[in-house]
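Here the structure is a predicted model, which is why all the values come from computation and not from measurement.
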Amino acid sequence: QVRLVESGGGSVQAGGSLRLSCAASGFGSSFCMGWFRQAPGKTREGVAAVDSDGSTAYADSVKGRFTISRDNAKNTEYLQLNSLEPEDTGMYYCAATYALCASTDYLQRGAGEFHYWGQGTQVTVAS
């Protein structure tokens with residue numbers, strides 16, 4: 001059974017940092033992982049993705065502030081969130097797909113391109 005479990009959300013002041021983790025289980029080899037976020041009243045947007053070979057992709061809004069990484073031995077991905085802004089507030093979801101997802105183009109296609117989802121973890125950034 002495929003499962004994605006996020007952890008690490010919380011509340012911080014603007015300029016602060018958080019680290020999110022997502023543990024995957026039940027997958028075969030060579031699956032791609034990503035992070036999406038959704039603010040109230042807005043569509044779910046792709047934030048970053050990392051493939052099993054370490055290739056990464058980021059949304060323009062987070063480039064230079066967020067870093068995605070992955071430990072294949074642990075089947076876990078991480079998202080380091082630095083220089084957080086109130087606009088980063090939202091529910092952050094871990095996602096996975098067997099497609100090659102670590103490209104800006106694939107991220108921009110939207111949440112429908114990812115087939116497996118975690119339950120989400122809340123990130124709140126106060127001004």
Can F114 and F36 be said to form a side chain to side chain contact (heavy atoms under 4.5 Å, CB included), step by step?
CA-CA 10 Å; F114 285 75; F36 280 71; 3.5 Å; yes
Given side chains that start at C-beta, do those of [X] and [Y] come closer than 4.5 Å, heavy atoms only?
| X | Y | value |
| --- | --- | --- |
| N75 | M33 | no |
| E77 | S21 | no |
| E45 | L107 | no |

Rounded distance [0.5 Å steps], [atom1] in [X] versus [atom2] in [Y]:
| X | Y | atom1 | atom2 | value |
| --- | --- | --- | --- | --- |
| R109 | S103 | CZ | OG | 6.5 Å |
| W35 | I68 | CH2 | CD1 | 8.0 Å |
| Q108 | E113 | CD | CD | 12.0 Å |
| K74 | S25 | NZ | OG | 15.5 Å |
| L100 | Y106 | CG | OH | 8.5 Å |
| S61 | E87 | OG | CD | 10.0 Å |

Ring-face cation of R70 near F31 (centre distance under 6.0 Å, axis angle within 45°):
yes
Any chance you could lay out the side chain to side chain contact (heavy atoms under 4.5 Å, CB included) test for Q80 and S17, step after step, and finish with the verdict?
CA-CA 7 Å; Q80 179 68 41; S17 298; 3.9 Å; yes
Do [X] and [Y] meet the criterion of a side-chain donor-acceptor pair at a distance under 3.5 Å?
| X | Y | answer |
| --- | --- | --- |
| S55 | D53 | yes |
| E6 | Q119 | yes |
| T76 | D71 | no |

Should the pair Y116 and F27 be assigned to parallel (<30°), tilted (30 to 60°) or perpendicular (>60°) ring geometry?
perpendicular
Applying side chain to side chain contact (heavy atoms under 4.5 Å, CB included) between L18 and each of V123, D88, L79, report the one that passes.
V123
Tell me whether V50 is reachable from L20 by hopping between hydrophobic residues (I, L, V, M, F, W, Y) whose side-chain heavy atoms are closer than 4.5 Å.
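The answer is yes; both residues are in one hydrophobic cluster.
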Quick check: does any side chain N or O of [X] sit under 3.5 Å from a backbone N or O of [Y], one acting as donor and the other as acceptor?
| X | Y | answer |
| --- | --- | --- |
| R65 | S83 | yes |
| T124 | S11 | no |
| N72 | S52 | yes |

Which heavy atom of [X] sits nearest a heavy atom of [Y], and at what distance?
| X | Y | value |
| --- | --- | --- |
| A59 | G46 | CB-O, 3.4 Å |
| P86 | S127 | CG-CB, 3.8 Å |
| C101 | T97 | CB-CG2, 3.7 Å |
| R44 | A111 | CD-CB, 4.2 Å |

Y58 ring center within less than 6.0 Å of F66 ring center
no
Side chain to side chain contact (heavy atoms under 4.5 Å, CB included) between R19 and Y78, intermediate numbers included
CA-CA 7 Å; R19 190 189 194 211; Y78 307 94; 3.5 Å; yes
